[in-house]
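I have placed the structure first, in the form of structure tokens, so that the comments after it can refer back to it.
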Amino acid sequence: MKKGEIAFGDLTDKNIKQLKILNSVCLPVSYHEKFYAVLLQKPELSKFAYFNDIFVGAICSRLEKDKETGEFKMYIMTIAVLAPYRRLGIGSKLLNHVIELAKKTPDIKEIYLNVQISNNVAIRFYQKHGFIITKEQKDYYKKIDPPHAYFLTKRLVTEQQDTTVNNNIQV
């Protein structure tokens, strides 16, 4: 497939059915109506991807507060791109959008997600973007095999921290 224009769009109550179809086609997990209702409460944490004006992918995330550390984290709940549109940079653009959104929020210290342990393509994709495997959770998934998941994490350097680091560099 030739390179084309990649654009983002917002999640709304008018297009959430498209997201449901995308997830059902691309992901091995089924999501309940409650999942989608939660997304609509904070639609700015989700993005649609269009390739030449065709809806081909999406990313959905949420903000969480770590009970132990009190730090805020961004959890990527889903990221999906239709198979014919993979390897065109769409998934990377979606992921980078969430990373940049998190970096602009000084309270967010990390981004994390989970991946089925057998999904080597996804694991390599996230590692390429600076995520590391931080935990293996046995029996994480209920209706897919294998049911185990890796948790991958990316610690963030916010724009404010990045400026501070650069200001302290002696030449």
Side-chain angles (χ1 to χ4, degrees), residues 5-67 69-86 88-117 119 121-123 125-126 129-131 134-135 137 139-144 147-156 158:
E5 182 182 330
I6 300 169
F8 288 150
D10 295 328
L11 173 68
T12 70
D13 60 338
K14 307 267 190 285
N15 63 14
I16 197 154
K17 286 183 183 177
Q18 291 177 321
L19 179 62
K20 291 177 186 179
I21 293 168
L22 176 78
N23 286 346
S24 72
V25 169
C26 295
L27 303 174
V29 177
S30 297
Y31 294 94
H32 298 285
E33 288 300 316
K34 183 180 177 185
F35 171 85
Y36 296 102
V38 168
L39 293 178
L40 286 172
Q41 292 172 5
K42 291 268 188 188
E44 65 275 9
L45 298 177
S46 300
K47 275 295 172 208
F48 279 20
Y50 297 89
F51 184 83
N52 292 336
D53 297 326
I54 300 168
F55 173 61
V56 298
I59 190 165
C60 302
S61 57
R62 71 176 179 228
L63 194 58
E64 298 178 346
K65 187 173 185 179
D66 188 294
K67 292 177 180 120
T69 66
E71 288 184 349
F72 285 97
K73 300 177 179 185
M74 183 78 77
Y75 173 58
I76 297 176
M77 297 183 288
T78 63
I79 182 171
V81 176
L82 292 172
Y85 298 91
R86 293 180 188 154
L88 297 174
I90 297 166
S92 291
K93 285 185 185 271
L94 286 166
L95 184 58
N96 286 333
H97 171 77
V98 168
I99 292 169
E100 290 307 311
L101 180 67
K103 282 182 176 181
K104 290 176 184 173
T105 309
D107 292 339
I108 299 176
K109 303 300 182 201
E110 71 179 36
I111 301 173
Y112 79 102
L113 53 95
N114 55 287
V115 175
Q116 189 177 19
I117 62 168
N119 192 342
V121 172
I123 293 165
F125 170 78
Y126 293 117
H129 289 280
F131 286 78
T134 52
K135 178 171 117 177
Q137 178 72 46
D139 301 316
Y140 181 80
Y141 298 107
K142 304 295 181 231
K143 297 179 181 178
I144 60 175
H148 317 305
Y150 286 132
F151 282 70
L152 288 93
T153 303
K154 179 180 179 79
R155 292 292 295 175
L156 296 179
T158 63

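Hydrogens, waters and symmetry mates are skipped; everything else that's a heavy atom, side chains included, is used. Note that the structure is predicted; figures quoted are calculated from it, not measured.
Between F131 and I99, the closest side-chain pair of non-hydrogen atoms falls below 4.5 Å. Considering only heavy atoms from C-beta on, R86 comes within 4.5 Å of C26 through its side chain. Between Y126 and I79, the closest side-chain pair of non-hydrogen atoms falls below 4.5 Å.
Pairing each heavy atom of L22 with each of A58, the nearest pair is CD2-N, 3.6 Å. In terms of heavy-atom proximity, A49 sits nearest to I90 at CB-CG2, 3.6 Å. Of all non-hydrogen atoms in G57 and L94, the two that sit nearest each other are C-CD1, 4.1 Å. The two atoms that bring K65 and G70 nearest to each other are CE-O, 3.4 Å, heavy atoms only.
For S30, there are no side chain to side chain contact (heavy atoms under 4.5 Å, CB included) partners two or more places apart in sequence or in a different chain. By the side-chain hydrogen bond (donor to acceptor under 3.5 Å, both in side chains) test, Y36 is found to be paired with N23, residues two or more places apart in sequence or in another chain being considered. Residues meeting the ring pair (Phe, Tyr, Trp, His ring centres under 6.0 Å) test with Y31, sequence neighbours left out: F35. Partners of E33 under the side-chain hydrogen bond (donor to acceptor under 3.5 Å, both in side chains) rule, at least two apart in sequence or in another chain, are K20. Take N119 and apply the side-chain hydrogen bond (donor to acceptor under 3.5 Å, both in side chains) test, not counting sequence neighbours, and it matches no residue. The side chain to side chain contact (heavy atoms under 4.5 Å, CB included) search around I144 returns P28, V29, Q116, Y141, not counting sequence neighbours. In this structure, the salt bridge (Lys or Arg N to Asp or Glu O under 4.0 Å) partners of R62, at least two apart in sequence or on a different chain, are E64. Applying the side chain to side chain contact (heavy atoms under 4.5 Å, CB included) criterion to D66, with sequence neighbours excluded, gives E68, T69, K73.
If you take CD1 on I6 and OG on S92, they are separated by 9.0 Å, rounding to the nearest 0.5 Å. If you take OG1 on T105 and CZ on F72, they are separated by 10.5 Å, rounding to the nearest 0.5 Å. Note that the OG atom of S61 and the CD1 atom of I111 stand 8.0 Å from one another [nearest 0.5 Å]. Summarising the geometry, atom CG belonging to L101 is positioned 12.0 Å from atom NZ belonging to K103; distances are rounded to the nearest 0.5 Å. Atom OG1 of T78 and atom CG of L19 lie 6.0 Å apart (nearest 0.5 Å). To the nearest 0.5 Å, the span separating CG on N52 from OH on Y85 amounts to 8.0 Å.
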Under the side-chain contact (heavy atoms from CB on, under 4.5 Å) rule, what do L95 and F125 come out as? Steps first, then yes or no, please.
CA-CA 10 Å; L95 184 58; F125 170 78; 3.8 Å; yes

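Pairs of residues two or more places apart, or lying in two chains, that qualify as salt bridge (charged side-chain N to carboxylate O under 4.0 Å, His left out) and include a residue from residues 40-56 are D10-K47.
Formation of a donor-acceptor pair under 3.5 Å by the K14 side chain with backbone atoms of L11 is not found in this model.
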Show me the side-chain donor-acceptor pairs of residues 147-156 shorter than 3.5 Å, one per line, residues at least two apart or across chains.
residue, atom, partner, partner atom, Å
H148, ND1, D139, N, 3.0
T153, OG1, T134, OG1, 3.0
K154, NZ, H129, O, 2.9
R155, NH1, E71, OE1, 3.0
R155, NH1, E110, OE1, 3.0

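For the side chain to side chain contact (heavy atoms under 4.5 Å, CB included) with M77, the lone residue among L39, N114, L45, L113 that qualifies is L39.
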